[in-house]
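Inspection log for the structure reproduced underneath, given as structure tokens.
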Protein chains: 2
Amino acid sequence: MSEAADLLAEAPAYRLDEQVGFILRQVQQRHAGIFAAAFGDDLTAMQWAVLAKLAERGEGSQNLLGRLVSMDVATVKGVVDRLVKRGLAETGADPDDRRRVVVRLTGAGREFYRANAAKALRVTDETLEPLSERERGQLLGLLRRLR
Amino acid sequence: MSEAADLLAEAPAYRLDEQVGFILRQVQQRHAGIFAAAFGDDLTAMQWAVLAKLAERGEGSQNLLGRLVSMDVATVKGVVDRLVKRGLAETGADPDDRRRVVVRLTGAGREFYRANAAKALRVTDETLEPLSERERGQLLGLLRRLR
DNA sequence: CGGAAATTGTTAGTACACTAACGATCGCCG
DNA sequence: CGGCGATCGTTAGTGTACTAACAATTTCCG
């Protein structure tokens, strides 16, 4: 009974504003804005991610670090370079593997982390501000499954 | 009864992997991968977004176009330049306002849109593949409120 | 042991993404 | 009408992001 109707529905409407990819980018943009407002010229979100991971896990090779923060090896290099230039991280040789470059936080890096972890949490909070506690959990649960 | 416990909880744990911003970036990465697998070297997601918007709305100034796709004015220029170089769009002067650059699709651009809209829909579909129909609606609803 | 395969990091090239500074033009208001 | 603020586009500079090609090692396997 619905076969004729199916024929009429042949051209599925493509509306950019309804595509996940598009909305995702807009949400990312808003988050980036909130982060920038909180951290100003101190650090970008990527640099903070690497710093936080180093604080969590101690030192590690660039490669491992890249995997932990879901960043390309070529990209992580640039981020680490900038952290080193800001004096928050330092690199050294791995005695066991001469290919490796070990990255670790400096004292200033650990200090920066301690001083700003609460602020970083507020960035997350402000990003999710339009949602109730229950909705936040829902959203995170759904997003995690799309990773 | 819980006041003593509250004092112990003073340092809120910051776990990178639980922050929306971080998860959001991972989901974006997966989506970008799916898009690239579908469109290969033909077009990036951004270029497709501009193309689709032009197909939806007809011609418009670079500035307007930027607003419609949530893209910086400086960024949109580069994207439009690349579409022009690929022969999918063209620019012209606005007779009413000599500051403006009007952007519109070429015949090849319209043709490309028609030929690929269904594929673009499949990219969205594959991105959301791990979720049920109901969950997809939930996710989009939540994300939209974070724009 | 020795050589092929895999891993690690670097560099170059392309494509977003945003800020700031600039010049050209438009529109409004006195 | 005349000027001044707002808008539009371009350019330069910084920071992700990914691919491809490459060199230096290390590892594994015959």
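Quick caveat: nothing in here was measured; it's all calculated off a predicted structure. Just so we're on the same page: letters track the sequence lines, and every chain starts at 1.
- Residue pairs satisfying the ring pair (Phe, Tyr, Trp, His ring centres under 6.0 Å) criterion with at least one member in residues 57-76 of chain A, sequence neighbours excluded, are absent.
- Scored by the salt bridge (charged side-chain N to carboxylate O under 4.0 Å, His left out) test, A:R15 finds A:E18 as partners (sequence neighbours excluded).
- Near DNA chain C, meaning a heavy atom under 4.0 Å from it, residues 17-32 of chain B has no residue at all.
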Grab the N/O contacts between the protein and nucleotides 6-9 of chain C below 3.5 Å, and write none if there aren't any.
| from | atom 1 | to | atom 2 | distance (Å) |
| --- | --- | --- | --- | --- |
| C:dT7 | O2 | A:R99 | NH1 | 2.4 |
| C:dT8 | OP1 | A:R100 | NH2 | 3.3 |
| C:dG9 | OP1 | A:Q62 | N | 3.4 |
| C:dG9 | OP1 | A:V101 | N | 2.8 |
| C:dG9 | OP1 | A:V101 | O | 3.3 |
| C:dG9 | OP2 | A:N63 | N | 2.6 |
| C:dG9 | OP2 | A:N63 | ND2 | 3.0 |

Side-chain donor-acceptor distances from residues 138-147 of chain B under 3.5 Å, at least two apart:
| from | atom 1 | to | atom 2 | distance (Å) |
| --- | --- | --- | --- | --- |
| B:R145 | NH1 | A:E135 | OE2 | 2.9 |
| B:R145 | NH2 | A:P130 | O | 3.0 |
| B:R145 | NH2 | A:E135 | OE1 | 3.1 |
| B:R147 | NH1 | A:Q26 | OE1 | 3.3 |

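- Within the structure, ring pair (Phe, Tyr, Trp, His ring centres under 6.0 Å) contacts touching residues 80-105 of chain A (residues at least two apart or in different chains) do not occur.
- By the 4.0 Å N-to-carboxylate-O rule, B:R136 lies close enough to B:D125 to be salt-bridged with it.
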Please tabulate, one pair per line, all N/O donor-acceptor pairs under 3.5 Å involving side-chain atoms of residues 73-82 of chain B, not counting sequence neighbours.
| from | atom 1 | to | atom 2 | distance (Å) |
| --- | --- | --- | --- | --- |
| B:K77 | NZ | B:D81 | OD2 | 3.0 |
| B:R82 | NH1 | B:G78 | O | 3.4 |

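- Identified under the ring pair (Phe, Tyr, Trp, His ring centres under 6.0 Å) test for residues 91-137 of chain B, with sequence neighbours left out: B:W48-B:Y113.
- Sequence neighbours left out, the pairs with a member in residues 46-62 of chain A that pass salt bridge (charged side-chain N to carboxylate O under 4.0 Å, His left out) are A:K53-A:E56, A:K53-B:D17, A:E59-A:R104.
- Through chains of ILVMFWY side-chain contacts below 4.5 Å, A:L68 is grouped with A:L64.
- Listed by first then second residue, pairs satisfying ring pair (Phe, Tyr, Trp, His ring centres under 6.0 Å) with a partner in residues 128-147 of chain B number zero, not counting sequence neighbours.
- Of the residues in residues 36-53 of chain B, those lying under 4.0 Å from DNA chain C by heavy-atom distance are B:T44, B:M46, B:Q47.
- Between B:R98 and the phosphate of D:dG9, there is no side-chain N or O to OP1/OP2 separation shorter than 4.0 Å.
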